[in-house]
Structure formats: structure tokens, C-alpha cells
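Working notes, beginning with the structure itself.
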Amino acid sequence: MSDPGNGRLAGRTVAVLATNGVEEVELVEPRRAVEEAGGTVRLLSLEPGEIQAMKSDVNAAGRYRVDQAVSEVSVSDFDALILPGGTTNPDHLRQDSAAVAFVRDFVESGRPVAVICHGPWTLVEADVVRGRTLTSYPSVRTDIRNAGGNVVDEEVVVDGNLVSSRNPKDLPAFCTTLVDVFANAEQHAG
């Protein structure tokens, strides 16, 4: 069995786009997986400073330093993107034009995007799920279907450059798969 910390993502820069209300474990675990595989992670948000993560949407968890505002970066700065969930996190992101444009441009660039739980709300807002197959938290599935996407109820789904999972229980498979997809994608940043 291969060691996940084997440098498979060395030289790659991965963006995590999140804001207040992000589900902490969906921020922390994928970031750890990328870093253990040798990648660099940059936390993007709507504003500089810190964001407040949550546990189960209602319990305050840790605070995390933002590396840059999403309005200050370009898709070309990154090799891959992670969109964690939590209900209020993607709800705030989908109301921000810079965040929505960044997500739309990222998906359209062909670079890999990993999304979990309520995270697909931002993909729906960016109008990039039409004709794509993905999974999500159950309450987001109607929105995906209404936006022209196909929804399946599976632990992890890969459709081209999109990797998706349903909830925190899927994190082990989600993290393993996103590292595989990110490692096998053409390197862009740098």
C-alpha cells in the first residue's frame, strides 16, 4: 500500500475556498490530505483576516487565517480547488460575485475541483453542473437537478474534473480520491 505522504502533490498549489460557517472537518481533513501528499494549500475567503469554522453547523469550532481574498487571485495561481460545506459557508459564497466567478472559471479551466456536502451550492450558482454527475448532502440534490445536473447517492463521485462527496462520513474516501485526481491532473500553477 502506498504512503499518502509520498509527495504526489509536490509542487502543486491547491486553493480551499471557504468563509464563516464552514464545516471544520471538511476544511481540515482535505487540507491535511493535500499537505501530507506534499501539496501547498492556500485558504481563500471573501475577506482577509480569519474565518469561523463550525461543527455540525451550530457549534463554533476553530478560527482559520485567510491567506488571500478570492477577489485578489486568479485561477492560474492554482492547480486544484476544494469547496468544503457547512450550510452557511456556500450560502455566503454563492452571494459573492468574485467567489462565483472564480468557481465558474476554475471548473471551466479543466482544473480539478473537489466539493463536499453543501459545497455544490456554489457550483449551482456558477452554472457549472449542467450535464455533470455528482453527489451532495441530500438537501442540495434538488438544486443540482434543477440546475441540470445528475445526482447519485454514492460515497464519492468523479465526473471529469469534479470530485464530490455527501458528508463528513465520506471524508476518508473523498480525501483519498481528491489526492489521486489532483496528482493525475495536468499541473498548471506556478
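All of these numbers come straight from a predicted model, not from anything done at the bench.
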- Evaluate side chain to side chain contact (heavy atoms under 4.5 Å, CB included) for L93 paired with V103, printing each intermediate quantity in order. CA-CA 10 Å; L93 293 176; V103 169; over 6 Å; no
Mind listing the closest non-hydrogen atom pair of [X] and [Y] along with its distance?
X	Y	value
V66	S45	CG2-CB, 3.6 Å
A37	V179	CB-CG1, 3.9 Å
I82	P30	CD1-CB, 3.9 Å
N89	G85	ND2-O, 3.2 Å
I116	N167	CD1-O, 3.5 Å
R12	F182	NH1-O, 3.3 Å

- Message: Any carboxylate oxygen within less than 4.0 angstrom of a Lys/Arg side-chain nitrogen, looking at E35 and R32?
- Response: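 No, this pair does not count.
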Residues that [X] engages under salt bridge (Lys or Arg N to Asp or Glu O under 4.0 Å), provided they are two or more places apart:
X	result
R104	none
E24	none
D91	R94
R145	none

- Query: Y64: what forms a ring pair (Phe, Tyr, Trp, His ring centres under 6.0 Å) with it, not counting sequence neighbours?
  - Reply: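 Partners of Y64 under the ring pair (Phe, Tyr, Trp, His ring centres under 6.0 Å) test: none.
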Would the distance check show the side chain of [X] and the main-chain N or O of [Y] forming a donor-acceptor pair, the cut-off being under 3.5 Å?
X	Y	answer
N161	V113	no
D79	V14	no
S164	T135	yes
R42	T13	no

- side chain to side chain donor-acceptor pair (under 3.5 Å): which pairs involve residues 172-186, sequence neighbours left out?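 Only R8-D180 qualify under side chain to side chain donor-acceptor pair (under 3.5 Å).
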- Task: Scan for side chain to side chain donor-acceptor pair (under 3.5 Å) pairs involving residues 119-130, sequence neighbours excluded, and state none if there are none.
- Result: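 Every side chain to side chain donor-acceptor pair (under 3.5 Å) pair that includes a residue of residues 119-130, provided the two are not neighbours, is W121-D143, D127-R130.
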Spacing of [X] atom [atom1] and [Y] atom [atom2] [to the nearest 0.5 Å]:
X	Y	atom1	atom2	result
R65	I51	CZ	CD1	11.5 Å
L83	L123	CG	CG	5.5 Å
R132	L162	CZ	CG	4.0 Å

- Message: Quick check: is L17 connected to V75 through a chain of hydrophobic side chains (ILVMFWY, heavy atoms under 4.5 Å apart)?
- Response: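 Linked within one cluster.
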- Query: Same hydrophobic cluster for F174 and V25, using side-chain heavy-atom links shorter than 4.5 Å among ILVMFWY?
  - Reply: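 In one cluster with F174: V25, yes.
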What pairs with [X] under side-chain contact (heavy atoms from CB on, under 4.5 Å), at least two apart in sequence or on another chain?
X	answer
A173	E155, V156
D96	L46, V70, A98, A99
D57	E23, T87
Q52	N20, M54, A60, R63

- Message: Which label fits F78 and F102: parallel for a plane angle under 30°, tilted from 30 to 60°, or perpendicular past 60°?
- Response: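 F78 and F102: perpendicular rings.
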- Message: I want to check something: taking the side chain as every heavy atom from C-beta on, are V34 and L178 in contact at a cut-off of under 4.5 Å?
- Response: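 A side-chain contact exists here, since the closest heavy-atom pair is under 4.5 Å.
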- Query: Does any non-hydrogen side-chain atom of P84 lie less than 4.5 Å from one of V16?
  - Reply: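 Yes, close enough: below the 4.5 Å cut-off.
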- Query: For atom CD of E47, is the number of surrounding heavy atoms from other residues, nucleotides or ligands below 6.0 Å larger than 12?
  - Reply: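 Not more than 12 within 6.0 Å, no.
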- Query: Who passes side-chain hydrogen bond (donor to acceptor under 3.5 Å, both in side chains) against D153, sequence neighbours left out?
  - Reply: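 D153 satisfies side-chain hydrogen bond (donor to acceptor under 3.5 Å, both in side chains) with R141, R166 only.
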